[in-house]
Every structure is written in C-alpha cells, then in structure tokens.
Amino acid sequence: MTTVHHVGNDVIDLRDPAIADHHQRSRFVERVCTPEEVARVAASDDANRLLWTLFAAKEAGFKVVAKLTPGIAFSPRRFVVDAQCTDVTHDDVRLWLEVTQEQDWVHAIAGQGTGAPLWAVERRQPSIGESAAARDLAVRVAADHLGLDRRALIVERVTDERFRDDLGPPRLLHEGEPLELDLSLSHDGPWVACALLGQETPAASD
Ligand SMILES: CC(C)(COP(=O)(O)OP(=O)(O)OC[C@H]1O[C@@H](n2cnc3c(N)ncnc32)[C@H](O)[C@@H]1OP(=O)(O)O)[C@@H](O)C(=O)NCCC(=O)NCCS
C-alpha cells in the first residue's frame, strides 16, 4: 500500500500594511517565537521578513501536525524553526521545510517523508474569492502534473467537529475517490497557494 505523507503550506502577503510593524511588537514576537528565534529576528537586517518567514514555517508545520493530531491548538512558539529554515519541529515531530522568498510574499511548505512537493503560488483574480481561487490552483497543479482531466478533480473538506471550523483538512478527489496524495491550501490577500505531496508526485515544481 502506498504511504501518503502529510504536507502543510502557508503564504504570507508581505505588503499587507496590517503586518508591517509586528517585528517591533515585542509581545507579539515573543508569543510567536522561541527565545532563539526572537534573537534571530532582533539581529536580522530584515526583521519583518524573517518574523513572517518563521510564522509561515510554523503555520505550515501546524497544518501537518493538525492532521496527525486533529483538534490540536496552534501555539506558534511550540513550532521550532532551525536557523537555516530547513526544518520545523513540534515535540517529537520533525518536518522538512522549504521556504521561497519573493519580493511581495513568502511561502513555506512543511512535510513528512522525503518526497518532493508540487506547489504553486499565484495572484488571484480579485473577482474570485480566496478559497475558490486556492482550490482552482490546486486542481490545475494536480491535473497538469498527474496528467488528469481537471474536470474530474475536486477539492473537498468533510465535516469534522474536531477542527476549529468544523471542517477537516482539504483533500483532493479524482472521479469522487481520494487521491493518494496529501493537499494543503493557503491564501492571504491577493495570494493563493497550494502544496501536494504523495508517492505519485513527480518532480518538484513551481
Ligand atoms: C489552519 C489555520 C492555522 C489556517 O489559518 P489562516 O492563516 O487563516 O489561513 P490559510 O490561508 O493559511 O489556510 C487556510 C486553509 O488551510 C486549510 N485548513 C484549515 N484548517 C486546517 C487544518 N486544521 N489542517 C490543515 N489545513 C487546514 C483550509 O483549506 C483553509 O482554506 P479554506 O478555508 O479556504 O478551505 C487556522 O484555520 C486554524 O485552524 N487555526 C487554529 C486556531 C487555534 O488553534 N487557535 C488557538 C488559539 S491561538
């Protein structure tokens, strides 16, 4: 049987004025970061970008841990990001981490196993809502890389009272059947993102 490894991703809009000075808010930084991470942010030439990179890494990690332990609360400081931003650890769960920096956004993917994730970040059309645009992106990425008909793919979240919004994590169905790969969605302002991971996943892509 195929082992499906879990994946989580998070995109953050670095141009959002609402987050522009959070690196100067020590209580916020200390709530999100470990003492070692606080020191790294303080010493950084671009403290705001580093703070939100750490946050994205932690949230990507949370999206994996939430699948392993449904109902767990998100305590960012309990997710520890290494100095190279190559892994994120929560208690005894250690996940690999991939971070991509662009001028306007940062994107983090955390996952289990060794497989290379498929992922994408794109600007959504303003007329399309964030959730719908992220689902559309995930369907296109999966269809293009797996050679499947987009019309046969759908993203669903089933009712699950263990999760905060009473919905389980998203999963991808092909002709009504779950695919043997894991899916993560994220959206922030103009940006939508997805990551997919599974044994059938071919080479990494953006
Ligand atoms: C998962 C979570 C962190 C995402 O938050 P966010 O920054 O608002 O949103 P993002 O855009 O990055 O990601 C949202 C997507 O993550 C996915 N998602 C939601 N809950 C998820 C979970 N438990 N595990 C994995 N993925 C999840 C969904 O696909 C969602 O998009 P959708 O609503 O369009 O389907 C948030 O929904 C959550 O559950 N937080 C926990 C709250 C908590 O523990 N609070 C404790 C006190 S601080």
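All ligand and atom numbering here is 1-based and tracks the order in the structure. Fair warning: this is a prediction, and the values are worked out from it, not measured in the lab. Here, residue 1 is the first one in the sequence, and each next residue gets the next number.
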> Partners of D45 by side-chain contact (heavy atoms from CB on, under 4.5 Å), sequence neighbours excluded?
Replying inline: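 side-chain contact (heavy atoms from CB on, under 4.5 Å) list for D45, sorted by chain: empty.
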>> Under the rule for side-chain contact (heavy atoms from CB on, under 4.5 Å), what residues qualify as partners of E122, not counting sequence neighbours?
In response: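 With sequence neighbours excluded, E122 shows a side-chain contact (heavy atoms from CB on, under 4.5 Å) to L137, R140, V192, given in chain and number order.
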> Does the ring center of H23 lie less than 6.0 Å from the ring center of W52?
Replying inline: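 That pair fails the under 6.0 Å test.
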> Is V80 isolated, or which residues cluster with it under the ILVMFWY side-chain rule of less than 4.5 Å, directly or via members?
Replying inline: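 ILVMFWY cluster around V80 holds nothing else.
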> Hey, are R157 and D165 close enough for a salt bridge, meaning a charged N less than 4.0 Å from a carboxylate O?
Replying inline: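 Here R157 pairs with D165 in a salt bridge, since their nearest N and O are under 4.0 Å apart.
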> Can a salt bridge be assigned to the pair D182 and R171 using a cut-off of 4.0 Å between side-chain N and carboxylate O?
Replying inline: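 Salt bridge between D182 and R171, a charged N being under 4.0 Å from a carboxylate O: no.
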>> Give the residues near ligand 1 by chain and number, with the criterion being a heavy-atom distance under 4.0 Å.
In response: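 Within 4.0 Å of ligand 1, protein side: D10, E59, F62, K63, A66, A73, F74, S131, R135, R157, F163, R164, P169, P170, L185, S186, H187.
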